[in-house]
Amino acid sequence: MAQACPTLTLHELADGVYVWLQPGGETGVANAGAVVEDDGVTVIDTLMVRSQWEPFAAAVRGLGQPVRRVVLTHAHIDHVGGTKAFPHAAVYATKPTSALLDQTMPLEAYKAFMPAFDAEFDDLAETGTRPVTHEVDGAAPLTPRVELLPASGHTTGDLLVLVADADICFAGDLCFFGVTPLAFQGDPATWADMLDAVIELADTIVPGHGPVGGEPDARDLQAYLRHCVAGTIPPGPWDAWVERAERDPINIERAALLAAGRDEVPPSMLRASGL
Ligand SMILES: [Zn+2]
């Protein structure tokens with residue numbers, strides 16, 4: 001079940017394994033993490049706008065160790081916006097994530113899709129993000145404690161971060177707990193299948209959005225995604241999730257497009273982005 005960890009603070013889940021959770025978990029409000037080892041810190045995701053990543057980066061600096069590595073679970077802006085806060089770290093991500101970070105930021109779409117952060121996006125565009133320095137193209141140990149596992153489902157370039165000795169998986173946006181997932185660039189069918197592997201990896205799962213959880217939370221998400229593929233969503237635990245009204249049509253449309261062989265952004269997502 002979801003764990004009630006404190007938010008907006010570096011909370012130590014296990015020895016040297018920290019989460020920085022943001023309450024709510026809605027669009028633009030993601031989680032991050034940090035793993036401390038002998039040579040320094042590995043940061044996992046970097047949040048989005050300055051008001052989010054500045055306090056996170058300050059808390060990481062407060063650990064008193066150099067930040068050697070930043071791992072990006074995927075390219076969505078609410079996970080990569082704060083990379084400049086860690087200027088000396090190597091940046092690890094998959095090839096699709098690297099390619100997306102090399103593109104110009106779609107500033108107007110961000111403003112339309114996430115109006116709550118409207119005032120901060122100009123600063124984000126000016127600050128920019130760092131390019132990926134190390135592309136990850138297969139499952140590999142990153143450090144003695146941290147393993148990287150490429151995946152797909154939420155995007156084509158998802159990356160799971162496993163700390164096996166602590167039985168903790170940082171799932172990025174392959175897991176949304178208590179929050180409706182968003183699959184506009186994903187594949188709900190693949191995503192649902194991929195969750196079997198995520199559940200096998202670790203008992204404790206840190207999602208990209210929402211509180212820390214585990215298998216029951218991932219199973220609820222899996223069931224929701226399979227209903228999206230089927231085209232209708234019956235009553236269920238997802239009735240308590242935020243952003244259902246906005247995201248159900250996007251997820252259902254995306255699954256239907258893929259089933260028809262059309263790898264396209266759903267029209268409902270384009271409308272939500274003002275395009
Ligand atoms: Zn995402």
Side-chain angles (χ1 to χ4, degrees), residues 1-7 9-22 30-47 56-57 59-74 79 83 86 88-94 97 132-154 157-177 194-219 221-222:
M1 290 302 289
Q3 294 180 27
C5 300
T7 58
T9 186
L10 218 40
H11 173 71
E12 193 168 18
L13 265 187
D15 184 32
V17 183
Y18 296 84
V19 285
W20 181 279
L21 304 173
Q22 296 198 92
N31 298 326
V35 181
V36 180
E37 293 178 77
D38 290 344
D39 77 330
V41 181
T42 301
V43 163
I44 301 152
D45 284 344
T46 63
L47 312 179
F56 170 61
V60 170
R61 278 194 298 277
L63 294 170
Q65 304 277 344
V67 177
R68 301 284 186 200
R69 294 158 293 269
V70 170
V71 178
L72 301 175
T73 59
H74 63 300
H79 300 259
T83 46
F86 307 100
H88 306 299
V91 181
Y92 291 81
T94 61
T97 296
V132 171
T133 62
H134 295 68
E135 286 182 1
V136 181
D137 59 6
L142 176 68
T143 68
R145 297 193 70 185
V146 177
E147 194 176 343
L148 302 182
L149 301 127
S152 68
H154 175 64
D158 299 319
L159 191 57
L160 296 161
V161 181
L162 178 65
V163 187
D165 67 51
D167 205 13
I168 295 171
C169 176
F170 290 85
D173 279 1
L174 281 167
C175 287
F176 287 66
F177 294 158
M194 187 66 68
L195 287 169
D196 285 329
V198 176
I199 287 162
E200 283 298 307
L201 285 174
D203 281 349
T204 300
I205 301 171
V206 180
H209 297 260
V212 174
E215 175 167 356
D217 309 279
R219 291 288 178 210
L221 173 60
Q222 185 176 49

What are the two closest non-hydrogen atoms of [X] and [Y], and how far apart are they?
| X | Y | value |
| --- | --- | --- |
| Ala202 | Cys169 | CB-N, 3.6 Å |
| Pro207 | Val212 | CD-CA, 3.9 Å |
| Ile168 | Ala14 | CD1-CB, 3.8 Å |
| Thr46 | Val70 | CG2-CG1, 3.8 Å |
| Ala171 | Val198 | CB-CG1, 4.3 Å |
| Val41 | Ala34 | CG1-CB, 3.9 Å |

Would you mind reporting whether [Y] and [X] have side-chain heavy atoms less than 4.5 Å apart?
| X | Y | answer |
| --- | --- | --- |
| Leu13 | His11 | yes |
| Tyr92 | Thr42 | no |
| His88 | Pro66 | no |
| Gln222 | Asp196 | yes |
| Leu63 | Tyr18 | yes |
| Arg145 | Val17 | yes |
| Leu149 | Leu201 | yes |

Review point. For the residue pair Phe86 and Phe56, does the interplanar ring angle fall in the parallel (under 30°), tilted (30 to 60°) or perpendicular (over 60°) class?
Key: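 Aromatic pair Phe86/Phe56 classed perpendicular.
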Closer than 3.5 angstrom, by distance alone: can the side chain of [X] be matched with the main-chain N or O of [Y] as a donor-acceptor pair?
| X | Y | value |
| --- | --- | --- |
| Glu12 | Gly16 | yes |
| Asn31 | Val19 | no |
| Asp167 | Asp203 | yes |

Practice item. Take Glu37 and Val146, measure what side chain to side chain contact (heavy atoms under 4.5 Å, CB included) needs, and give me the verdict at the end. Key: CA-CA 9 Å; Glu37 293 178 77; Val146 177; 3.7 Å; yes
Exercise for review: Could you check Leu160, Ile205, Ile199 and say which one makes a side chain to side chain contact (heavy atoms under 4.5 Å, CB included) with Cys175?
Suggested key: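 Testing Cys175 for a side chain to side chain contact (heavy atoms under 4.5 Å, CB included) against Leu160, Ile205, Ile199 leaves exactly one candidate, Ile205.
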Check your understanding: Considering the options Thr73, Leu159, Leu72, which one meets the side chain to side chain contact (heavy atoms under 4.5 Å, CB included) requirement together with Thr94?
Key ->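 Answer after filtering Thr73, Leu159, Leu72: Leu159.
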Review point. Does a salt bridge link Asp39 with Arg69, judged by any charged N lying under 4.0 Å from a carboxylate O?
Key: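 Salt bridge flag = yes for Arg69 with Asp39.
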Check your understanding: Is there a side chain to side chain contact (heavy atoms under 4.5 Å, CB included) between Trp20 and Asp45 once you walk through the steps?
Key -> CA-CA 10 Å; Trp20 181 279; Asp45 284 344; over 6 Å; no
Rounded to the nearest 0.5 Å, how far apart are [atom1] of [X] and [atom2] of [Y]?
| X | Y | atom1 | atom2 | result |
| --- | --- | --- | --- | --- |
| Leu195 | Glu215 | CG | CD | 10.5 Å |
| Phe176 | Leu221 | CZ | CG | 8.5 Å |
| Leu47 | Thr83 | CG | OG1 | 11.0 Å |
| Leu162 | Leu142 | CG | CG | 12.0 Å |

